[in-house]
Each structure stands twice: as structure tokens, then as C-alpha cells.
Q: 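Take this structure, written in C-alpha cells, and hold onto it; I'll ask about it next.
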Amino acid sequence: QVQLVESGGGMVQAGGSLRLSCAASGRSFSCYTMAWFRQAPGKEREIAAAISCSGQITYYTDSVKGRFTISRDNAKNTVYLQMNSLKPEDTALYYCATTTRSGWGTTKALYDYWGQGTQVTVSS
């Protein structure tokens with residue numbers, strides 16, 4: 001079994017920063033795509049960012065480009081999401097996810113292991 005545990009969420013004012021962490025356990029972490037999804041109240045869960053197993057390929061949804069940075073430390077089995085210049089519209093429950101399938105993808109259906117989520121609230 002794979003376990004993903006997120007941390008680092010909280011409440012900040014607009015313009016502030018947060019750093020989310022996701023610790024993985026249960027299998028070798030180094031060779032699988034990891035991603036951060038988010039779900040705002042009343043909205044579909046959407047991908048915010050993804051990173052390849054090597055860390056050389058990253059993806060960001062348009063609304064977070066230039067503000068969020070995804071990274072990973074395979075030695076620590078951890079993936080991070082640095083969020084800067086936060087906006088009220090970034091308020092959501094943020095989920096870490098991974099896939100047991102090889103290759104790269106950003107669709108929700110690809111990901112078969114999920115964390116429990118960490119709340120990010122940005123006030124105006």
C-alpha cells in the first residue's frame with residue numbers, strides 16, 4: 001500500500017506564501033509521477049502541478065504559473081509545492097497524488113493514490 005501524508009496548509013493573507021509537503025511511504029518513491037491537485041468548494045478537483053520521476057519535467061495549470069513551484073526530494077520520499085503570491089481564488093483543499101503507472105500525465109484518472117488533503121485558505 002502507498003500512503004501519502006500532506007502537511008503545510010493554513011490560512012494566509014493575499015500575497016502571502018505557503019509551502020506544502022507530501023511524504024510518501026509504502027513503496028519506492030523515486031520513479032513515479034507525483035502531482036498536487038486542489039478542490040475548491042462546489043468545484044471539480046483540478047490539477048495544480050505535476051512533476052516527473054526525475055524532476056526534470058514539470059507541469060503547472062495556467063492559473064498558478066509563475067507563482068507555484070513543484071519539486072521533489074527522492075531521497076526523502078517527499079514532494080513539495082511552494083506557493084507564492086497567493087490569491088483568494090487559491091483557497092482549496094490541496095491533495096497530493098501519485099500513480100503506479102509508468103509515464104507522464106496530468107489527468108485525474110491517471111492517479112490512483114491520494115493523500116487526505118490539507119486546507120489552504122487565502123483571505124483578501
Side-chain angles (χ1 to χ4, degrees):
Q1 277 291 350
V2 176
Q3 291 188 327
L4 302 173
V5 179
E6 303 100 333
S7 61
M11 182 179 293
V12 296
Q13 291 188 331
S17 298
L18 285 173
R19 188 192 196 203
L20 306 184
S21 299
C22 172
S25 62
R27 68 153 200 221
S28 175
F29 170 75
S30 62
C31 290
Y32 295 95
T33 295
M34 300 288 296
W36 286 97
F37 285 77
R38 64 184 184 178
Q39 188 167 16
K43 294 189 176 181
E44 293 288 323
R45 190 174 301 186
E46 64 170 2
I47 191 166
I51 187 166
S52 65
C53 67
S54 67
Q56 292 184 334
I57 302 173
T58 57
Y59 166 86
Y60 298 95
T61 194
D62 286 346
S63 59
V64 308
K65 284 180 181 176
R67 301 187 298 120
F68 290 12
T69 302
I70 189 170
S71 61
R72 65 192 293 162
D73 185 338
N74 289 340
K76 296 182 178 180
N77 282 3
T78 301
V79 63
Y80 305 97
L81 186 67
Q82 178 67 44
M83 305 185 295
N84 299 327
S85 302
L86 282 161
K87 304 176 180 180
E89 51 263 44
D90 295 317
T91 294
L93 192 58
Y94 282 71
Y95 297 91
C96 175
T98 189
T99 175
T100 56
R101 301 174 183 85
S102 61
W104 171 256
T106 58
T107 58
K108 190 170 55 178
L110 176 67
Y111 295 84
D112 43 15
Y113 286 98
W114 297 81
Q116 81 287 351
T118 185
Q119 180 67 39
V120 171
T121 302
V122 185
S123 61
S124 57

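Hydrogens, waters and symmetry mates play no part in the numbers below; they use all other heavy atoms, side chains included.
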Q: Does one hydrophobic cluster hold both Leu93 and Ile47, with members joined at side-chain heavy-atom distances below 4.5 Å?
A: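 Yes, because Leu93 and Ile47 connect within a single hydrophobic cluster, where side-chain heavy atoms sit under 4.5 Å apart.
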Q: Check ring-ring contact (aromatic ring centres under 6.0 Å, His included) between Tyr111 and all other residues, then give those that pass, not counting sequence neighbours.
A: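 By the ring-ring contact (aromatic ring centres under 6.0 Å, His included) rule, Tyr111 matches Phe37.
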Q: So which pairs with a foot in residues 76-96 pass ring-ring contact (aromatic ring centres under 6.0 Å, His included), sequence neighbours left out?
A: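 For residues 76-96: none.
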Q: Test side-chain contact (heavy atoms from CB on, under 4.5 Å) on Met83 and Val12; report intermediate values, then the result.
A: CA-CA 11 Å; Met83 305 185 295; Val12 296; over 6 Å; no
Q: Looking at Ile51, is its backbone amide N or carbonyl O close enough to the side chain of Thr58 to form a donor-acceptor pair, meaning the two atoms are under 3.5 Å apart?
A: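 No: the side chain of Thr58 does not pair with the backbone of Ile51.
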Q: Say whether Tyr59 and Val64 are linked into one hydrophobic cluster, either directly or through other cluster members, by side-chain heavy-atom distances under 4.5 angstrom.
A: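 No, Tyr59 and Val64 fall in different hydrophobic clusters.
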Q: Verify, without hydrogens or angle tests, whether Asp90 (side chain) and Val120 (backbone) share a donor-acceptor contact under 3.5 angstrom.
A: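 Side chain of Asp90 to backbone of Val120: no pair is present.
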Q: Enumerate donor-acceptor pairs with a distance under 3.5 Å from any side-chain N or O in residues 13-26 to protein atoms, sequence neighbours excluded.
A:
unit_1 : atom_1 : unit_2 : atom_2 : d
Ser17  : OG     : Asn84  : OD1    : 2.9

Q: Measure the spacing between CD of Glu46 and OG of Ser63 and express it to the nearest 0.5 Å.
A: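 The OG atom of Ser63 is 5.5 Å from CD of Glu46, to the nearest 0.5 Å.
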Q: For Gln3, what residues pass the side-chain hydrogen bond (donor to acceptor under 3.5 Å, both in side chains) criterion, not counting sequence neighbours?
A: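 Applying side-chain hydrogen bond (donor to acceptor under 3.5 Å, both in side chains) to Gln3 gives none.
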Q: Tell me if a side-chain donor or acceptor on Tyr60 pairs with a main-chain N or O of Ile70 at a distance below 3.5 Å.
A: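 Yes.
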Q: I would like to know whether Val122 and Glu89 meet side-chain contact (heavy atoms from CB on, under 4.5 Å); could you show each step before the answer?
A: CA-CA 8 Å; Val122 185; Glu89 51 263 44; over 6 Å; no
Q: Do any N or O atoms from the side chain of Arg67 and from the backbone of Ser85 form a donor-acceptor pair under 3.5 angstrom?
A: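 It does hold such a pair.
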Q: Find the distance between OG1 (Thr61) and CZ (Arg38) and round it off to the nearest 0.5 Å.
A: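 Going from OG1 on Thr61 over to CZ on Arg38, the span is 7.0 Å.
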Q: Backbone N or O of Ala92 within a donor-acceptor pair of the Gln39 side chain at under 3.5 Å?
A: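 The answer is no, because no donor-acceptor pair under 3.5 Å joins these two groups.
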Q: Decide whether Val79 and Tyr113 are clustered together by the hydrophobic rule: side chain heavy atoms of Ile, Leu, Val, Met, Phe, Trp, Tyr closer than 4.5 Å, transitively.
A: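 Yes; Tyr113 is reachable from Val79 via cluster members.
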Q: Atom CZ in Arg72, atom OG1 in Thr78: separation rounded to 0.5 Å?
A: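 Atom-to-atom, Arg72:CZ and Thr78:OG1 are 10.0 Å apart.
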Q: Determine whether a donor-acceptor pair (N or O, by modelled atom type, separation under 3.5 Å) exists between the side chain of Asn74 and the backbone of Ser54.
A: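 No, Asn74 side chain to Ser54 backbone: no donor-acceptor pair under 3.5 Å.
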Q: Excluding sequence neighbours, so at least two apart, what forms side-chain hydrogen bond (donor to acceptor under 3.5 Å, both in side chains) with Ser71?
A: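 Residues passing side-chain hydrogen bond (donor to acceptor under 3.5 Å, both in side chains) with Ser71: none at all.
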Q: Quick one: list whatever passes side-chain hydrogen bond (donor to acceptor under 3.5 Å, both in side chains) with Arg101, sequence neighbours left out.
A: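 Once residues adjacent in sequence are excluded, Arg101 has no partner under the side-chain hydrogen bond (donor to acceptor under 3.5 Å, both in side chains) criterion.
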Q: Nearest 0.5 Å please: distance from the CE atom of Met34 over to the CG atom of Asn77.
A: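 It is 9.0 Å, given to the nearest 0.5 Å.
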Q: OH/Tyr32 to CG/Asp112 distance, rounded to the nearest 0.5 angstrom?
A: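 If I round to the nearest 0.5 Å, the distance is 10.0 Å.
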Q: Could you check whether any side-chain N or O of Thr99 sits under 3.5 Å from a backbone N or O of Thr33, counting only pairs where one atom can act as donor and the other as acceptor?
A: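 Pair absent, no side-chain N/O of Thr99 close to backbone of Thr33.
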Q: Carefully, step by step, assess Cys96 and Trp114 under the rule side-chain contact (heavy atoms from CB on, under 4.5 Å).
A: CA-CA 6 Å; Cys96 175; Trp114 297 81; over 6 Å; no
